[in-house]
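Take a look at the structure below.
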Amino acid sequence: MCGRFIMTVDFEMIKAAFRLRAELYDLQPRYNIAPGQDIPVITNTPGGREISPMRWGLIPHWAKDTKIGYKMINARAETVGEKPAFKGAFRRRRCLIPASGFYEWKKEGKVKQPMLITLPGEKVFALAGIWEHWLAPDGSMVYSCSIITTKPNKYLEGIHNRMPVILAGEQEYEPWLSLDDPLFLQHLLRPYEGDMSVYPVTTRVNSPLDDDPGLIEPHDD
DNA sequence: CCAGACGTTGTT
DNA sequence: GTCTGG
DNA sequence: CCAGACGTTGTT
DNA sequence: GTCTGG
């Protein structure tokens, strides 16, 4: 699955990688992004691609309160088009979530070892997501999102049985954001086929409050 | 029809 | 054990 | 994902 | 809002 990730690249890199229009809100490097926090999300708008903060953990429009979002941090690729909580978003509200790495916890006996997964060169990449809007009782609109998961590739299969969907470049970003063909969209939601790096990191990364880059301790393998 | 859930992962 | 908050 | 709380009434 | 279970 995907329960934590990092986003450490600067905005000029993001702007170029995702062909964004000029306006970017003020983003800081983050090394330990947790569910429930606001994360940068890229969507298609009539004026082009925009990036804006959304709460991680999708809140369906019919929800009575925001609590349900904590259970909706991931959506399975195999069923995202059918589940009542996700199907509308899958049809009409898809997004890209920029990341430079994500964590998976490998179970080694009783111990859970956090692993950081990155792409070669610490390159920024796009997680496939869906988003929703929810009208709060006070009249404000809450935007939220979920990260889609799939089976692990060869780098992850020894670590965990799910991994987030990574879209492989502009040739996949554009159809994911704008195409209206459920079969093709489904086809994009497959395990990433490119190279990856996998490093054990200190268990201090477990704290959701800790946004300190000093926590990452790459090992040689 | 109404009532109640609406999710994933992992563990047993 | 299960839920909430981060 | 992990960490930390998990409850009510009434009194200060 | 929409689906599932009874």
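What you see below is based on every heavy atom in this structure, not just the backbone, and it leaves out hydrogens, waters and symmetry mates. Remember, it's a predicted structure, so these values are computed and weren't measured experimentally. First the proteins, then the strands, lettered A, B, ... as listed; each starts at 1.
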Item to check | Stepwise side chain to side chain contact (heavy atoms under 4.5 Å, CB included) check, A:I6 with A:F102 | outcome: CA-CA 6 Å; A:I6 73 176; A:F102 61 92; over 6 Å; no

Item to check | Minimum side-chain heavy-atom gap A:M163-A:T150 below 4.5 Å | outcome: yes

Checklist entry - Out of B:dT8, E:dC3, C:dT4, which has the shortest distance to the side chain of A:N74? => result B:dT8

Checklist entry - Do A:D38 and A:Y143 meet the criterion of a side-chain donor-acceptor pair at a distance under 3.5 Å? => result no

Checklist entry - Has the side chain of A:W131 got a donor or acceptor atom that lies under 3.5 Å from a matching backbone atom of A:A89? => result no

Checklist entry - Between A:F18 and A:Y173, does the ring centre distance come in under 6.0 Å? => result yes

Checklist entry - CH2 of A:W56 versus P of B:dT8: gap in Å, rounded? => result 15 Å

Checklist entry - Which whole-number value in Å describes the distance from A:R204 CZ to C:dG6 P? => result 22 Å

Next on the checklist: Starting the side chain at C-beta, find the nucleotide from C:dG6, B:dT8, B:dC6 nearest to A:Y70.
Outcome noted: C:dG6

Item to check | Of A:C2 and A:K64, the one whose closest DNA chain B nucleotide lies more 5' | outcome: A:K64

Checklist entry - Quick one: which of B:dT8, B:dC6, E:dG1 gets closest to the side chain of A:T149? => result B:dT8

Checklist entry - Can you tell me how far P of C:dC3 sits from NZ of A:K71, to the nearest Å? => result 7 Å

Next on the checklist: Students often get this wrong, so: under 4.0 angstrom with heavy atoms, is A:I73 touching a base, only sugar-phosphate, or nothing?
Outcome noted: base

Checklist entry - Please give, in whole Å, the distance from B:dT9 C1' to A:I148 CD1? => result 17 Å

Checklist entry - Taking the side chain of A:W105 as its heavy atoms from C-beta onward, which of D:dC1, B:dG7, E:dC3 lies nearest to it? => result D:dC1

Checklist entry - Say you pick atom C1' in B:dT9 and the same atom in D:dC2; how far apart are they, in whole Å? => result 14 Å

Item to check | Spacing between A:E132 atom CD and E:dG1 atom C1', to the nearest angstrom | outcome: 10 Å

Checklist entry - Base, sugar-phosphate, or nothing for A:A75, non-hydrogen atoms under 4.0 angstrom? => result sugar-phosphate

Next on the checklist: For a 4.5 angstrom cut-off between non-hydrogen side-chain atoms, does A:M1 reach A:I147?
Outcome noted: no

Next on the checklist: What is the distance, to the nearest angstrom, from the CZ atom on A:F90 to the C1' atom on B:dC6?
Outcome noted: 18 Å

Item to check | Separation of atom NZ in A:K67 from atom P in D:dA5, rounded to whole Å | outcome: 18 Å

Item to check | NZ/NE/NH1/NH2 to OD/OE distance under 4.0 Å, A:R94 and A:E174 | outcome: no

Checklist entry - Is it true that A:R162 and A:E78 make a salt bridge, defined as a side-chain N closer than 4.0 Å to a carboxylate O? => result yes

Item to check | Dot-bracket encoding per residue of DNA chain E, Watson-Crick/G-U cut-off under 3.5 Å, | denoting interstrand | outcome: ||||||

Checklist outcome for this item: Ranking C:dG6, E:dG1, E:dC3 by distance to the side chain of A:P35, first place goes to C:dG6

Checklist entry - NA contact type, A:R4, heavy-atom cut-off 4.0 Å: base, sugar-phosphate, or nothing? => result base

Item to check | Pairwise C1' distance for D:dG7 and C:dT4, with rounding to whole Å | outcome: 15 Å

Checklist entry - Considering only side-chain heavy atoms of A:Q37, which listed nucleotide, C:dG6, B:dC6, B:dT8, is closest? => result C:dG6

Checklist entry - Side-chain donor-acceptor pair under 3.5 Å between A:N206 and A:W105, yes or no? => result yes

Item to check | B:dG4 and C:dG5, which share atom name C1', separated by this distance in whole Å | outcome: 26 Å

Checklist entry - Just wondering, are more than 12 heavy atoms of other shown residues or ligands nearer than 6.0 Å to NE2 in A:H133? => result yes

Checklist entry - Which ones in residues 76-84 of chain A lie close to DNA chain B, meaning a heavy atom under 4.0 Å from one of its atoms? => result A:R76, A:T79, A:K83, A:P84

Checklist entry - So what does A:F86 touch, heavy atoms closer than 4.0 Å: a base, only the sugar-phosphate, or nothing? => result sugar-phosphate

Item to check | Check: A:F184 ring centroid to A:W176 ring centroid under 6.0 Å | outcome: no

Checklist entry - Just to confirm, is there a sub-4.0 Å distance from OP1 or OP2 of D:dC2 to any side-chain nitrogen or oxygen of A:K112? => result yes

Item to check | A:I39 CD1 - C:dG5 P separation (whole Å) | outcome: 19 Å

